Amino acid sequence: MSEKIFILEPRLNGHCGNFTRLLSQAFSQKNKEVSIATYENEFNHFFIQNNIEREKIKDIYFLKNLMPKLNFLNVPSLIKKISFFPYIIEKFIFLLYIIIRFRPTIIMLPSIDGLIYLGSFFKPLIWILGNKTKVYGFLASYKIFYTKTSFLRQKIFYISLFSFDRVLINDEFFASHLKFSGFSNIQYMPDPIEDFCLNPNTKQLKLKWNLPINSYIVGMTGVIDYRKGSDIIIRATSEIKRDDITFVLAGKISNEIKDLLGTHHISTNLIVIDRFLSLQEMHEIITCFDLVLLPYRNIHFGIASMLLRAMSCNTPALVSKYGWFEKMSEKLDSVYSFEGEQDFVHQIQNIENIILNNHKDFASHYTEQSIKDFIDSWS
């Protein structure tokens with residue numbers, strides 16, 4: 001009898017790395033039927049079309065079509081009105097709905113952040129329904145344990161962990177800590193860097209992406225939004241007083257950043273590539289960069305895949321000075337941190353101080369070393 005595996009992630013944007021890893025893990029199991037449940041939107045269509053082997057998938061369910069009754073009753077709007085955390089409650093309802101309707105053997109969640117605190121509720125519900133569905137998920141909320149948090153929050157966190165059949169963590173230190181504390185459901189899974197064949201001809205790649213040949217290229221790829229400090233980069237373009245520095249924002253631009261681009265006096269030293277990029281394309285653009293800019297705001301983030309990609313391309317990065325970013329800047333010579341927008345501008349203005357300390361070498365892909373550095377940084 002084949003196993004039914006469901007991967008649920010309404011918003012692939014932001015969790016597509018974990019989604020891909022869970023998909024790979026699902027395919028590796030024998031006698032499986034793998035299905036996907038997600039929102040029907042532009043990014044999800046792009047991602048599914050470019051990164052998923054459709055012949056291996058039994059079904060792809062779009063949640064709007066999957067749950068017409070909930071839409072008819074206007075449940076999404078009701079959730080937003082009564083809940084401080086509408087996305088978490090919404091995902092919780094999707095989870096229960098899929099378990100009740102399809103009774104899968106395993107349901108996988110690329111992110112259980114926030115949902116972790118509801119674990120003590122949904123697992124008893126599954127048992128009451130007489131269902132034996134196992135729930136797997138990636139967790140990045142462990143970062144609260146590297147900062148101050150309340151005793152009650154930690155206690156609820158620990159209790160809820162037991163509700164998941166498998167918790168995937170990309171932090172070796174914390175995974176070991178939980179296993180030592182008696183959690184047998186913890187699985188350490190490090191962040192991989194795709195082993196793309198890096199093109200050593202930077203000039204060729206710059207021509208491909210219409211980037212200036214004789215200029216320092218600095219910028220960001222991926223989703224271009226406020227949380228990641230894209231507006232800080234836009235303001236910096238007007239303050240940098242050099243003709244040999246070109247800023248690049250490459251990826252899908254959020255509406256709030258589009259509005260800013262429409263109202264802000266945009267300098268001619270800014271290039272915007274507004275479209276979804278494949279992982280290979282992001283890797284190519286980062287290869288063109290002399291400096292990756294990651295001015296993320298102090299909002300909870302999982303491990304920043306863009307920093308790992310920068311490391312794999314042996315490209316230095318300028319990052320916000322907090323949390324995991326600050327830790328990496330202390331451990332790795334190629335990661336620099338800034339405090340405040342003026343410091344951000346100052347360090348870009350004096351980019352030679354960073355560039356001269358970093359020499360690209362395309363003799364290897366840096367994949368294994370970047371993963372090792374990442375793991376070692378927390379030990």
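Note that the numbering runs from 1 along the sequence shown for the chain. Being a predicted model, the structure only gives us computed values, none of them experimental.
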Below 4.5 Å, heavy atoms only, C-beta onward: do Val135 and Ile106 meet side chain to side chain?
->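 No, too far: nothing below the 4.5 Å cut-off.
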
Would you indicate whether the side-chain heavy atoms of Leu115 and Leu109 approach each other to under 4.5 Å?
->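 The answer is yes; the side chains approach within 4.5 Å.
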
For the pair [X] (side chain) and [Y] (backbone), establish whether a donor and an acceptor sit closer than 3.5 Å, ignoring hydrogens and angles.
| X | Y | result |
| --- | --- | --- |
| Arg297 | Lys228 | no |
| Ser215 | Asp244 | yes |
| Ser320 | Tyr296 | yes |
| Lys321 | Gly340 | no |
| Thr133 | Thr105 | no |
| Thr202 | Cys288 | no |
| Asn185 | Val167 | no |
| Asp225 | Ser230 | no |
| Asn269 | Thr246 | no |
| Asp274 | Ile253 | yes |

Might you work through the side chain to side chain contact (heavy atoms under 4.5 Å, CB included) test for Met306 and Thr221, ending with a clear yes or no?
-> CA-CA 8 Å; Met306 283 302 107; Thr221 69; 3.0 Å; yes

Out of curiosity, [X] [atom1] to [Y] [atom2], how far, rounded to the nearest 0.5 Å?
| X | Y | atom1 | atom2 | value |
| --- | --- | --- | --- | --- |
| Tyr188 | Leu178 | OH | CG | 14.0 Å |
| Glu341 | Asp231 | CD | CG | 7.0 Å |
| Ile186 | Arg166 | CD1 | CZ | 11.0 Å |
| Leu205 | Trp209 | CG | CH2 | 9.5 Å |
| Leu8 | Met108 | CG | CE | 12.5 Å |
| Thr315 | Leu291 | OG1 | CG | 9.0 Å |

Show your working on side chain to side chain contact (heavy atoms under 4.5 Å, CB included) between Thr38 and Leu63 and close with a plain yes or no.
-> CA-CA 6 Å; Thr38 189; Leu63 294 168; 5.5 Å; no

Could you tell me which non-hydrogen atom of [X] sits nearest to which non-hydrogen atom of [Y], and how far apart they are?
| X | Y | result |
| --- | --- | --- |
| Glu9 | Phe19 | CB-CD1, 4.5 Å |
| Met220 | Pro295 | CE-CD, 3.7 Å |
| Leu270 | Val248 | CD1-N, 4.4 Å |
| Ser111 | Lys91 | O-NZ, 2.7 Å |
| Ile98 | Ala37 | CD1-CB, 3.7 Å |
| Ala26 | Lys32 | O-CG, 3.5 Å |

Is there a path from Leu207 to Ile273 through hydrophobic residues (I, L, V, M, F, W, Y) whose side chains come within less than 4.5 Å of each other?
-> no

Electrostatic pair Glu3:Lys134 at N-O distance under 4.0 angstrom =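 Lys134 and Glu3: not salt-bridged.
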
How does the hydrophobic cluster around Ile159 look, that is, which other residues are in it when side-chain heavy atoms under 4.5 Å mark a link?
-> none

Taking distance alone, no hydrogens or angles, what donor-acceptor pairs closer than 3.5 Å link side-chain atoms of residues 342-349 to residues at least two apart or in another chain?
| unit_1 | atom_1 | unit_2 | atom_2 | d |
| --- | --- | --- | --- | --- |
| Gln342 | NE2 | Glu239 | OE1 | 3.4 |
| Asp343 | OD2 | Glu339 | N | 2.9 |
| Asp343 | OD2 | Gln347 | NE2 | 3.3 |
| His346 | ND1 | Asn350 | ND2 | 3.3 |
| Gln347 | NE2 | Ser337 | O | 2.8 |
| Gln349 | OE1 | Lys241 | N | 3.2 |

